[in-house]
Amino acid sequence: MLQQTTVAAVHDYHRKFLGLWPTAGDLAAAEDAAVMAAWAGLGYYARARNLLKCARAVVADHDGMFPDTYEALLTLPGIGPYTAAAISAIAFDQPSTVVDGNVERVMARLYNIHAPLPASKAELTAKASDLTPQARPGDYAQAVMDLGATICTPRSPACGICPWRDPCVARIAGTTAELPKKTPKKKTPTRFGIVYVAHRADGAWLLETRPTSGLLGGMLGWPGSDWSDDPAPAPPMDAAWEPLAEEARHTFTHFHLRLKIMTARVGADTQPIRGHFIAGHEFSPTALPTAMRKVFDLAHVTLRDD
Ligand code: SF4
């Protein structure tokens with residue numbers, strides 16, 4: 001949950017998940033739709049799908065217990081090198097090297113490495129690996145991440161209280177403020193889409209479950225076009241579609257999305273070619289991912305006031 005997301009944003013979701021599914025076995029037995037709905041609003045939905053796959057693999061292949069080695073953890077869905085190292089070090093006290101953004105910053109400064117990220121990642125990881133001790137590696141992994149988070153901060157590192165102030169080459173060279181260097185990011189592109197919000201006379205909403213692969217995969221959403229420079233209209237049925245003056249805007253990791261919203265009130269006997277109607281009392285906007293929730297917030301006002 002914490003990947004790309006702050007502790008403050010994750011806190012309530014973590015409690016909710018542990019309340020609903022306290023063990024890997026409980027999560028493995030959960031309905032996909034229930035897990036996706038509980039995750040709604042947290043973003044990066046591939047994590048939810050992988051969490052579920054991972055729980056099922058832990059139950060199917062490891063008797064419901066997480067394996068304790070880096071190599072075995074790496075075989076589980078959704079667990080990459082960083083997470084495998086973090087679990088094996090922190091949960092099982094294995095001498096794995098955990099490298100997050102904080103550790104990269106500490107290594108770049110400690111060794112005064114000026115090659116920019118991400119190209120320098122391998123060099124920074126090798127330095128971090130050299131420093132990882134055999135004794136209490138779990139404590140060490142947490143300590144070096146915390147050092148980066150609280151002392152060797154991006155701006156104004158507190159070198160005076162740093163346990164590595166004596167060997168730190170950047171501190172001696174006076175280059176801490178310029179490290180770590182990063183290759184400038186390309187400008188984030190913008191994609192466009194069209195979504196269709198149909199409200200039936202009996203209060204039902206037309207929604208669809210998005211394909212499991214791709215962005216917002218497996219999540220509930222409004223039927224619509226592809227997301228591209230010039231999306232083709234894709235209404236889910238014939239109806240008197242009216243555009244909203246305001247569009248929904250949302251930013252994903254690699255692009256900005258601008259969704260044109262079409263709304264329509266439709267009769268009780270309407271048959272859509274895509275999606276399915278969900279009764280008004282069964283539909284909760286909280287089950288929508290944030291981009292789709294923004295669409296609802298705008299469309300809902302118009303449809304309600306008709
Ligand atoms: S001495 Fe300063 S720059 Fe060097 S690791 Fe410590 S906090 Fe970071």
Side-chain angles (χ1 to χ4, degrees), residues 1-14 42-44 47 66 68-71 73-74 78-188 251-254:
M1 284 182 175
L2 284 166
Q3 197 182 352
Q4 306 277 342
T5 308
T6 61
V7 171
V10 159
H11 185 260
D12 289 348
Y13 284 91
H14 185 253
L42 196 52
Y44 302 97
R47 296 178 302 177
F66 269 83
D68 62 1
T69 65
Y70 174 85
E71 290 74 17
L73 286 160
L74 207 49
I79 296 191
Y82 167 73
T83 311
I87 297 172
S88 60
I90 296 168
F92 299 114
D93 214 23
Q94 304 275 332
S96 302
T97 303
V98 188
V99 182
D100 65 358
N102 289 317
V103 176
E104 285 173 351
R105 184 169 57 255
V106 173
M107 293 302 131
R109 289 171 172 172
L110 192 56
Y111 293 98
N112 202 28
I113 293 169
H114 286 246
L117 281 163
S120 59
K121 203 172 177 60
E123 186 181 3
L124 297 173
T125 301
K127 295 292 187 197
S129 180
D130 289 347
L131 288 175
T132 301
Q134 293 296 315
R136 296 171 62 198
D139 287 344
Y140 170 80
Q142 294 196 70
V144 71
M145 284 193 279
D146 281 349
L147 178 74
T150 60
I151 294 178
C152 193
T153 51
R155 269 173 243 134
S156 311
C159 301
I161 57 166
C162 176
W164 276 335
R165 63 186 171 278
D166 287 341
C168 180
V169 184
R171 185 191 66 77
I172 295 161
T175 54
T176 54
E178 56 194 89
L179 295 175
K181 289 192 173 146
K182 291 185 181 163
T183 305
K185 281 190 183 147
K186 290 194 197 115
K187 193 171 172 295
T188 309
T251 295
F252 292 98
T253 322
H254 302 300

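When a ligand or atom number is given, it counts from 1 through the structure's own listing order. Start at 1 with the first residue, then count along the sequence.
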Worksheet entry | Nearest-0.5 Å distance, CG of residue Leu179 to CG of residue Leu110 | 11.0 Å
Fill in: Main-chain N/O of Ala115 paired to Ser120 side chain as donor or acceptor, under 3.5 Å
yes
Worksheet item: Is the backbone of Tyr44 close enough, under 3.5 Å, to the side chain of Arg47 for a donor and an acceptor to pair up by distance?
Response: yes
Worksheet entry | Sphere of radius 2.8 Å around atom 8 (Fe) of ligand 1 - protein N, O or S atoms inside | Cys152 SG
Worksheet entry | OG1-CG distance between Thr69 and Leu74, expressed to the nearest 0.5 angstrom | 9.5 Å
Discussion item. Is it the case that the side chain of Thr5 and the backbone of Gln3 share a donor-acceptor pair, with hydrogens and angles ignored and the cut-off at 3.5 Å?
Written reply: yes
Worksheet entry | Donor-acceptor pair, side chain of Thr175 and main chain of Glu178, under 3.5 angstrom | no
